[in-house]
Amino acid sequence: MKIHGISWVGSRTSNYQAMRDFAAETLGLEVEREQQNAVVFGFPDGSALEVFKPTDDDHSFFEHPVAGLIVDDVREARAELEAKGVEFIGEVHDGVEDSWGTAWSHLRAPDGHVYVLISRPALTEPKKPVDTTRRFDELRICLKVKDLDEAVKVYREGLGMEIVDEWTHPAGQRGVLFGVVPAAVELFDEAQWELVDDAELGRQVAGDHALRVEVRDVDEIEALAKVLADVGVSRDGEVTTTPWEQNCLRMSTSEGEQLTLFTLPAEERVVREEARSVLSVRQA
């Protein structure tokens with residue numbers, strides 16, 4: 001038997017609606033599934049908090065929050081523990097379509113509290129490795145601008161980016177290429193896009209792309225904002241702190257391009273720096 005971790009907590013309460021509101025509104029947890037006598041809140045790592053109504057008779061013995069121990073096979077794990085004298089409550093339960101686990105069985109530990117063995121293959125089955133070998137040498141993001149010279153000021157004089165190539169065609173068409181290291185491509189679904197607009201600006205802004213520039217601290221945000229203002233980029237508000245602990249200042253260019261100067265919280269910054277450190281040029 002292998003215990004993979006504690007990835008489920010269940011609570012049966014007579015204050016169901018208050019507890020549901022606390023989890024959803026105060027803690028900001030996302031409802032993963034609604035059940036007749038319970039609600040399941042999901043976490044990004046796949047774990048869950050399940051709150052049971054007092055009408056849920058199947059969990060009438062829940063007198064405290066119950067921790068779920070994740071195992072590969074509940075029946076095998078139960079048999080092994082029963083052979084060691086562990087007391088179980090009731091039979092093994094098999095999940096149905098809206099159940100979080102595929103099977104579970106409750107036990108009483110020496111501390112007098114109830115625990116539960118749960119199987120959930122999504123948490124325990126080996127994940128197929130994804131090939132993340134880079135298949136290109138350089139990724140270019142192209143932006144169409146009305147006034148190229150004004151845009152160049154923003155990127156070269158405002159952000160301090162280096163021009164690595166520029167050209168003019170015989171008929172007058174022009175282009176400029178800036179080198180950017182490091183850089184990242186960030187994809188949002190529509191709900192995330194709206195969430196970011198609300199958190200950073202307090203309103204929705206038209207458009208389907210934006211620039212986000214990471215700096216070290218709020219002082220750097222203010223210093224860079226001043227430089228950008230000198231080349232025609234306007235502030236759309238003041239520095240705000242998002243629910244995910246980023247400090248952000250939204251700005252916009254004369255052509256309406258959205259630009260966010262932001263800092264990461266300390267722990268996230270460490271993670272991003274580690275990720276940047278392993279990036280390398282494409283191997284031949």
For this session: Carefully, step by step, assess Val116 and Leu107 under the rule side-chain contact (heavy atoms from CB on, under 4.5 Å).
Result: CA-CA 6 Å; Val116 59; Leu107 62 93; over 6 Å; no
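- Between the side chain of Thr253 and the backbone N or O of Glu257 there is at least one donor-acceptor pair closer than 3.5 Å.
- Figure legend: cation-pi geometry between Arg156 and Phe178 absent, as NZ or CZ is not positioned both under 6.0 Å from the six-membered ring centre and within 45° of its axis.
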For this session: Give the intermediate values and the outcome of side-chain contact (heavy atoms from CB on, under 4.5 Å) for residues Val196 and Arg250.
Result: CA-CA 11 Å; Val196 170; Arg250 184 69 69 90; 4.1 Å; yes
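- Between His106 and Phe62, the ring planes are perpendicular. Angles over 60° get that label, and only those under 30° would be called parallel.
- Atom CD of Glu200 sits about 9.0 Å away from atom CZ of Phe262, to the nearest 0.5 Å.
- In this view, Arg12 satisfies the salt bridge (Lys or Arg N to Asp or Glu O under 4.0 Å) rule with no residue, not counting sequence neighbours.
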For this session: For side-chain contact (heavy atoms from CB on, under 4.5 Å), just list the numbers for Arg216 and Thr263, CA-CA rounded to whole Å, side-chain angles, deciding distance to a tenth of an Å, and then say yes or no.
Result: CA-CA 6 Å; Arg216 292 185 180 87; Thr263 68; over 6 Å; no
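- Residues that satisfy the side-chain contact (heavy atoms from CB on, under 4.5 Å) test with Glu166, not counting sequence neighbours, are Ile163, Val176.
- Residues Arg75 and Asp73 approach most closely at N-OD1, 3.0 Å, considering heavy atoms.
- Glu220 contributes no side-chain N or O that, together with a main-chain N or O of Val215, makes up a donor-acceptor pair within less than 3.5 Å.
- Glu162 meets the salt bridge (Lys or Arg N to Asp or Glu O under 4.0 Å) test with no other residue; sequence neighbours excluded.
- Considering CG of Asp72 and NZ of Lys2, their distance stands at 7.5 Å, rounded to 0.5 Å.
- Cation-pi check for Arg120 over Trp8 is not met; the charged atom does not lie both under 6.0 angstrom from the ring centroid and within 45 degrees of its normal.
- The heavy-atom pair separating Val154 from Val231 by the smallest distance is CA-CG2, 4.0 Å.
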For this session: Decide side-chain contact (heavy atoms from CB on, under 4.5 Å) for His209 and Leu143; before the verdict, give the C-alpha distance in whole Å, the side-chain angles of both, and the deciding distance to 0.1 Å.
Result: CA-CA 10 Å; His209 66 277; Leu143 302 177; 3.9 Å; yes
